[in-house]
Amino acid sequence: MSTTPTLLLYDTMSGSKRPLEPIEPGHIGLYLCGPTVYDLSHVGHARSAICADTVVRFLREQGLRVTFVRNVTDIDDKIIKRAQVEGISAGEVAAKYTAAYHEDLDSLGCLRPDVEPRVTGTIPEIVALIETLIARGLAYESGGDVYFRVAAFSTYGALSKRSLDDMQAGARVEVSELKENPLDFALWKAAKPGEPAWPSPWGPGRPGWHIECSAMSKVHLGETFDLHAGGRDLIFPHHENEIAQSQGACGHGTFARHWMHNGFVDFAGEKMSKSLGNFFTIREVTALYPPEAVRWFLIGVHYRSGLNFDVEVPCPACARPLDTEAQQGSACPECGAALDRDRLRAHIRFPGLEEADERVAYVYDTLARSPRSGRV
RNA sequence: GGCCUGGUAGCCAAGUGGUAAGGCAGAGCUCUGCAAAAGCUCUAUUCGCCGGUUCGAUUCCGGCCCAGGCCUCCA
C-alpha cells in the first residue's frame, strides 16, 4: 500500500498553496478549458496544454488515476465569422482547426485527454442547466436571449477577488437594454438569420461562452471535482461565471475544489499581437526548432510566471539585429538592403529556443552515455 | 481607481522555516596552440526596503517602494 501522495499546488480561490486532496481516494478529476477552434493555436495555448499535461503525468506517476477532460469550443462568434471569411460552414471551420490543434499538441508530446467533449454535442445538457438557473431565479429570458442574474448570486467575485461594487464602479462593460445589469452575462444567444442554431425553450439559438464548461464538466466529472485549470486570463470572467452557473444550479460547495492558473507567454517583452515579431503559432515555431526544445523552453520557468519569448530579427542581408522600428521600415538602416515582412519572418531567431535545443541535445547525449544505455 | 501576482548574483532563473539549484556571461587552469572546441575550478555572508512571529525566515505576518497582469474577447 502506497502512502497518499501530496501535490502542494497554488490554488487561486484560496490564494495560497494547498495540498491537492482527491475527493475519491486515488483519483483526480481534472478539467482544462480547451481552445475555441477558429484559428491555429499559438505558443500561449501550448503553454496551458503543457502545464496540464505535466500535472497529469506527474499525478499518474504518483500512482493516481486521472480523468483528464479538455473541451473543444466548436461554436462561437469567432467561428461563425471565420466561416464567412473562408467561405465554408462553421462546422467545417471547427473540424479543420480541431484537427490542427490535435496535430500541434501531439507534436509537443502532450497526452490526449481522456474525454474531449464538444459544445455542439452537449446542447441538451446546456439547455437543461439554463432551465434550472431560470427556475432558481438566477437567470432570465430577454428577447430570445437568456442572461445570468449576477446580483442574485451572493458570492460572485470570490475567485477573482473583486466585488460587484468594484466592478460596477469602473464598469465599461457591454451595454445592452436586454440586460437587467451590465454585468449580467449571456447563457443563451438568440440566432441571427443564417447563423447556426439549436432549438430551445427560448427559441433557436446557441449557448453563451461560459455555460458550456459548466455543463461539460458536470457531465464528465460530476457536480464536484478536484482540479480546474486554465490560463490566468480566464479567471475573470470565464471561471468566475462558471462558478456562478454551476454553484447556482447545484448548490454552494459544489464545482472545482482547486484552481490552477498558468502565466502568459509574452513576446519580446510586449503584449502579444499579430503585428510582426510577437505572435507565433505552434507550427511556425516547431518548423524552426525541434518540438522537444519548444516543450523544454515552455516548462523551463515556473508555470505561474510570465514567460518572455524573446525574438531576434536579423537583417537577411547583413545579419545585424533589427530593432522594432527598423523592422517596420522598408530598408535595413545598416546595409540598406530592402526589407519585407515575409522575408524577415523567415529569418527570425528565438535565442531562448536555441538554448533549450542545446540543453535537450545535452540531455539526450548524457542519457546515451549512461550505463543503462549499454553504450558505455 | 479596484483587485491579483511577483521583486533572488552582470543577465535569465529554481527554491514545501533549518541555513542560497541550474544556465548564460565573466575569471583562472588543463589540453591544444593560427584560432576554436572540450574538460576542470571559481563567481550572492545573501534573497526590493522596514518592522513582526520564531531557537531559526529567501520562505510566515504587516507596512512601504517598484514591476507585470486582470477589470472587454483572450491560454
Side-chain angles (χ1 to χ4, degrees), chain A residues 5-20 32-53 70-73 76-81 101 104-105 110 156-176 182-183 185-186 208-210 213 228-241 259-267 269-274 279 281-282 296-310 351-352 354-360 362-363 365:
Chain A
T6 299
L7 175 60
L8 192 63
L9 184 66
Y10 186 86
D11 167 42
T12 308
M13 182 61 88
S14 66
S16 62
K17 291 181 189 171
R18 290 174 46 224
L20 182 65
L32 172 69
C33 289
T36 299
V37 282
Y38 72 100
D39 202 351
L40 293 171
S41 297
H42 60 253
V43 281
H45 299 114
R47 169 125 104 141
S48 288
I50 289 174
C51 281
D53 185 63
R70 185 186 63 211
N71 73 289
V72 169
T73 298
D76 171 87
D77 292 352
K78 288 176 178 169
I79 294 173
I80 294 169
K81 194 171 292 177
Y101 186 69
D104 289 343
L105 291 198
C110 292
Y156 191 77
L159 182 71
S160 55
K161 317 287 187 245
R162 60 191 84 186
S163 69
L164 279 178
D165 290 342
D166 289 341
M167 289 185 273
Q168 250 137 12
R172 275 287 85 116
V173 201
E174 174 195 353
V175 187
S176 166
L183 264 23
F185 56 92
W209 174 40
H210 314 293
C213 286
H228 195 133
R232 281 170 89 114
D233 46 358
L234 295 183
I235 295 172
F236 189 90
H238 185 57
H239 289 340
E240 196 71 72
N241 292 353
W259 290 89
M260 175 177 127
H261 291 103
N262 64 272
F264 298 131
V265 177
D266 302 320
F267 293 88
E270 292 176 349
K271 194 162 191 168
M272 161 169 60
S273 82
K274 296 223 176 193
F279 187 95
T281 63
I282 295 170
W296 181 287
F297 177 71
L298 290 174
I299 61 177
V301 303
H302 187 100
Y303 77 97
R304 267 189 296 134
S305 307
L307 197 176
N308 197 21
F309 197 73
D310 270 322
E354 284 171 15
E355 190 182 323
D357 191 14
E358 287 168 20
R359 302 302 303 165
V360 171
Y362 183 81
V363 168
D365 185 51

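Throughout, a chain's letter reflects where its sequence line sits, starting with A, and its residues are numbered from 1. All values reported here derive from a predicted model rather than from experimental measurement.
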Measuring centre to centre across the rings, with the benzene-like ring taken for any Trp, is His261(A) within less than 6.0 Å of His239(A)? yes

Under 3.5 Å: donor-acceptor pair, side chain of Lys161(A), backbone of Met13(A):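 Between the backbone of Met13(A) and the side chain of Lys161(A) there is a qualifying donor-acceptor contact (under 3.5 Å).
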
Is there a donor-acceptor contact under 3.5 Å from the side chain of Arg47(A) to the main chain of Asn262(A)? no

Look at the side chain of [X] and decide which nucleotide, out of [options], has an atom nearest to it.
| X | options | result |
| --- | --- | --- |
| Val301(A) | A75(B), A14(B), G68(B) | A14(B) |
| Arg304(A) | C71(B), G6(B), A75(B) | G6(B) |
| Asn262(A) | A75(B), C73(B), C71(B) | A75(B) |
| Lys78(A) | C4(B), A75(B), C73(B) | C73(B) |
| Lys17(A) | A75(B), C4(B), U16(B) | U16(B) |
| His302(A) | U16(B), C73(B), G15(B) | G15(B) |
| Leu234(A) | C70(B), A75(B), A14(B) | A75(B) |
| His42(A) | C73(B), C70(B), A75(B) | A75(B) |

[X] and [Y]: side chain donor to acceptor below 3.5 Å:
| X | Y | answer |
| --- | --- | --- |
| Tyr38(A) | Asp77(A) | no |
| Thr73(A) | Asp76(A) | no |
| His42(A) | Thr281(A) | no |

Please determine if a side-chain N or O atom of Arg232(A) lies less than 4.0 Å away from the OP1 or OP2 oxygen of A75(B).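 No, Arg232(A) has no side-chain N/O under 4.0 Å of OP1/OP2 on A75(B).
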
Once you apply a heavy-atom cut-off of 4.0 Å, does [X] come out as touching a base, just sugar-phosphate, or nothing?
| X | result |
| --- | --- |
| Gly263(A) | base |
| Tyr10(A) | sugar-phosphate |
| His261(A) | nothing |
| Ile235(A) | nothing |
| Thr36(A) | nothing |
| Gly306(A) | nothing |
| Arg47(A) | nothing |

Distance in Å, Tyr101(A) OH paired with Thr36(A) OG1, rounded so as to fall on 0.5 Å steps: 10.5 Å

Would you compute the distance between atom CG of Leu7(A) and atom CG of Leu20(A) and round it to the nearest 0.5 angstrom? 5.5 Å

Quantified in whole Å, what is the [atom1] atom distance between nucleotide [N] and nucleotide [M]?
| N | M | atom1 | answer |
| --- | --- | --- | --- |
| U45(B) | G56(B) | P | 23 Å |
| G48(B) | G10(B) | P | 13 Å |
| C49(B) | C66(B) | C1' | 10 Å |

May I have the distance from His45(A) (atom NE2) to A75(B) (atom P), rounded to whole angstrom? 4 Å

Quick one: on RNA chain B, does Tyr303(A) or Asp233(A) contact a more 5' nucleotide (nearest heavy atom)?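 In this pair, the answer is Tyr303(A).
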
Where each residue is assigned the nucleotide of RNA chain B containing its nearest heavy atom, which of His238(A) and Gly300(A) is assigned the position nearer the 5′ end?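 Closer to the 5' end of RNA chain B: Gly300(A).
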
Between which residue ranges does RNA chain B form stems of three or more consecutive Watson-Crick or G-U wobble pairs, both distances under 3.5 Å? B:1-7 with B:65-71, B:10-12 with B:22-24, B:26-30 with B:38-42, B:48-52 with B:60-64

At a cut-off of 3.5 Å, list every protein nitrogen or oxygen paired with a nitrogen or oxygen from nucleotides 19-25 of chain B, distance to 0.1 Å.
unit_1: G23(B); atom_1: O2'; unit_2: Glu355(A); atom_2: OE2; d: 2.8

